[in-house]
2 protein chains.
Amino acid sequence: MSGIRALQKEKTRRQLIDAALGQLSSERSFSSLSLREVAKEAGLAPTSFYRHFSDMDELGLTLVDEAGLTLRQLMRQARQRIEKGGSVIQISVRTFMEFIENNGNIFRLLLRERSGTSPAFRAAVNREIRYFTLELCDYLQQANKLDAELAYLQANAAVTIVFSAGSDALDCDKKDLAALAQRTIKQLRFIARGAFEFSVRNDNLIELRKTKVKGVTK
Amino acid sequence: MSGIRALQKEKTRRQLIDAALGQLSSERSFSSLSLREVAKEAGLAPTSFYRHFSDMDELGLTLVDEAGLTLRQLMRQARQRIEKGGSVIQISVRTFMEFIENNGNIFRLLLRERSGTSPAFRAAVNREIRYFTLELCDYLQQANKLDAELAYLQANAAVTIVFSAGSDALDCDKKDLAALAQRTIKQLRFIARGAFEFSVRNDNLIELRKTKVKGVTK
DNA sequence: TAGAATAGCGTACATGTGTACACCGAAACA
DNA sequence: TGTTTCGGTGTACACATGTACGCTATTCTA
């Protein structure tokens with residue numbers, strides 16, 4: 001395949017996607033974009049839009065997928081940095097903050113559509129965040145030898161905190177970013193520490209039960 | 001004052017507010033409401049809208065204020081319950097979940113406009129959440145004898161977690177609500193425990209410094 | 001009680017929207 | 001080579017929106 005035609009089509013499809021992304025800003029949400037605007041920005045006649053997407057919604061879901069991809073790419077980047085040594089939490093937060101500085105509008109898209117009016121959008125965003133959380137959960141489970149439930153709860157809480165910090169970062173003076181990151185790091189440490197304490201307590205309980213059982217069966 | 005005229009005006013103003021609130025739903029955001037729709041729902045001619053608000057934005061900000069009020073009312077309710085005894089965290093979460101069940105659309109409004117396209121809206125919502133957080137912070141500071149910074153970090157993290165849980169609750173099957181609440185409670189315990197551990201560590205450091213200083217000055 | 005103020009109405013208009021339709025030219029295919 | 005497919009265009013339409021303007025009826029005020 002790859003015919004000259006399919007190639008061109010793919011190219012203008014990208015133009016549409018980029019046009020949409022390019023119009024997003026702190027004062028412009030995806031749902032406030034019109035088909036006509038996007039087509040115009042992409043240098044297309046309004047009706048040509050339909051050759052690529054049946055709907056603005058379809059375009060939007062594509063954008064969410066794209067955002068999820070960028071997010072997972074981010075994870076990989078963070079893991080690479082971590083393997084080179086350093087505080088896991090610190091590196092993760094720093095990586096995430098960099099992501100937001102470079103991809104503010106994509107992150108905004110996720111934040112907004114997560115609580116938006118389209119069930120499909122909400123589901124798509126939540127799916128991406130779930131992937132993100134589960135990857136972190138796996139990591140915690142094997143790195144910190146945590147119980148599956150505890151690991152999930154910690155991962156979920158951590159992602160929530162970090163996303164919220166990201167949201168704050170979007171509206172933040174640049175000079176306050178470092179302080180925000182520091183606070184976020186401390187909060188993540190609270191969570192990690194708390195989860196660890198609970199894990200220890202659980203282990204003790206298990207030990208207790210074991211000895212009890214031994215005592216009885218003996 | 002209170003003339004029959006001012007009274008009537010106040011009444012139809014309320015009708016507009018209620019009309020707007022009434023149109024909000026999981027699939028309808030405030031920003032997707034049109035002036036005409038709201039006026040119609042309130043039983044008014046479109047142009048009469050201007051006798052009460054100069055803008056849909058002005059109406060929106062009024063709604064956010066209203067929501068903040070409801071939120072603080074919620075806090076009071078929770079405090080009353082707490083004074084009657086019981087786990088602070090458990091009662092708070094339960095109260096919040098009840099709030100969301102009864103005021104889903106108001107909560108949605110806050111969630112959405114927090115990441116919305118209007119700087120004024122974002123500021124208004126953040127202000128309400130800040131009040132909420134500071135009240136909790138005060139409580140933690142005196143009830144748990146925490147450092148001001150630690151108390152704030154804990155309060156902020158807790159509010160973030162609870163709001164996020166609230167957001168999940170909005171899209172949740174009713175049967176899963178209890179489990180969600182349980183998970184949230186555990187996460188809040190992580191945070192509380194973590195903050196406590198850090199506080200203890202800090203105190204020890206302070207003790208250490210004190211003895212050091214004593215040793216030197218003696 | 002006469003005159004001013006004003007909440008609410010209806011009409012009217014310019015503007016932006018999604019999309020149906022017919023058409024064109026170049027690539028794909030037989 | 002002749003035919004089909006298809007990405008892109010321009011026109012056209014019905015519709016919803018915000019809001020300017022002038023009018024009316026009722027309340028307020030002097």
Side-chain angles (χ1 to χ4, degrees), chain A residues 1-25 27-63 112-113 116-121, chain B residues 1-25 27-63 112-113 116-121:
Chain A
M1 266 303 122
S2 102
I4 186 171
R5 198 168 206 156
L7 223 72
Q8 176 60 26
K9 179 164 187 181
E10 185 55 32
K11 192 175 156 194
T12 73
R13 186 185 141 98
R14 262 247 74 83
Q15 280 172 357
L16 280 171
I17 294 179
D18 291 341
L21 277 178
Q23 310 229 36
L24 293 182
S25 75
E27 321 211 320
R28 209 74 214 285
S29 72
F30 178 78
S31 52
S32 80
L33 294 183
S34 76
L35 183 153
R36 287 176 110 105
E37 280 176 306
V38 174
K40 190 176 192 177
E41 177 80 9
L44 279 185
T47 48
S48 300
F49 181 95
Y50 296 107
R51 303 291 184 199
H52 302 272
F53 302 97
S54 70
D55 236 9
M56 277 294 283
D57 276 15
E58 201 172 305
L59 208 198
L61 289 175
T62 307
L63 290 190
R112 284 173 176 156
E113 298 310 328
T117 53
S118 154
F121 273 46
Chain B
M1 265 302 123
S2 102
I4 186 171
R5 196 164 207 158
L7 223 73
Q8 175 60 25
K9 180 164 187 181
E10 187 53 34
K11 191 176 156 194
T12 74
R13 186 186 140 98
R14 262 249 73 83
Q15 279 173 357
L16 280 171
I17 293 178
D18 290 342
L21 277 177
Q23 310 230 32
L24 293 181
S25 75
E27 320 211 322
R28 210 74 214 286
S29 72
F30 178 78
S31 53
S32 79
L33 295 183
S34 75
L35 183 154
R36 287 176 111 104
E37 281 176 306
V38 174
K40 190 175 191 177
E41 178 80 10
L44 278 187
T47 48
S48 300
F49 181 95
Y50 296 108
R51 303 290 184 199
H52 303 271
F53 302 98
S54 70
D55 237 7
M56 276 295 281
D57 276 15
E58 202 172 304
L59 208 198
L61 289 174
T62 307
L63 290 190
R112 284 175 175 154
E113 298 311 328
T117 53
S118 153
F121 273 47

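Each chain gets a letter, A, B and so on, in the order its sequence line appears, and its residues count up from 1.
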Between A:Leu33 and A:Leu24, is there a side-chain heavy-atom distance shorter than 4.5 Å?
yes

Can you tell me how far P of D:dT27 sits from CD of B:Gln8, to the nearest Å?
9 Å

Distance col, row A:Tyr50:OH vs A:Leu35:CG, nearest 0.5 angstrom, shows 4.5 Å

To the nearest Å, give me how far apart NE2 (B:His52) and C1' (C:dA7) are.
7 Å

Under 4.5 Å between any side-chain heavy atoms of B:Thr12 and B:Gln15, yes or no?
yes

All heavy atoms of B:Arg36 vs all of B:Pro46, minimum pair found to be CG-CB, 4.1 Å

Could you state the atom-to-atom distance from CG of A:Leu7 to C1' of C:dA28 in whole Å?
15 Å

C:dC29 P sits how many Å from A:Ile4 CD1, rounded?
13 Å

For B:Arg28, which residues count as a side chain to side chain donor-acceptor pair (under 3.5 Å) partner, sequence neighbours excluded?
B:Ser32, B:Glu37

In chain order, what residues pass the side chain to side chain donor-acceptor pair (under 3.5 Å) check against A:Thr117, with sequence neighbours excluded?
none

Checking B:Thr47 now: which residues fulfil side chain to side chain donor-acceptor pair (under 3.5 Å) with it, not counting sequence neighbours?
none

For B:Asp55, the salt bridge (charged side-chain N to carboxylate O under 4.0 Å, His left out) test, sequence neighbours excluded, returns none

Heavy-atom contacts under 4.0 Å between residues 14-24 of chain B and DNA chain D, which residues?
none

Counting side-chain heavy atoms from C-beta on, which of C:dA7, C:dG8, D:dG7 comes nearest to B:Lys9?
C:dA7

Between C1' of D:dT9 and NZ of A:Lys40, the distance in whole Å:
16 Å

Using a 4.0 Å cut-off on protein heavy atoms (strictly under), produce a 5'-to-3' string for nucleotides 14-24 of chain D with B for base contact, S for backbone-only sugar-phosphate contact, and - for none.
---BBBBB---

CZ of A:Phe53 versus P of D:dG7: gap in Å, rounded?
13 Å

Rounded to whole angstroms, how far apart are CZ on A:Arg5 and P on D:dT4?
14 Å

Taking the side chain of A:Leu44 as heavy atoms from C-beta outward, which of D:dT9, C:dC9, D:dT27 is closest to it?
D:dT9

Minimal non-hydrogen separation, B:Phe49 against B:Leu59, with atom names
CE1-CD1, 3.9 Å

Once you round it to whole Å, what is the distance between P of C:dA27 and NZ of A:Lys11?
13 Å

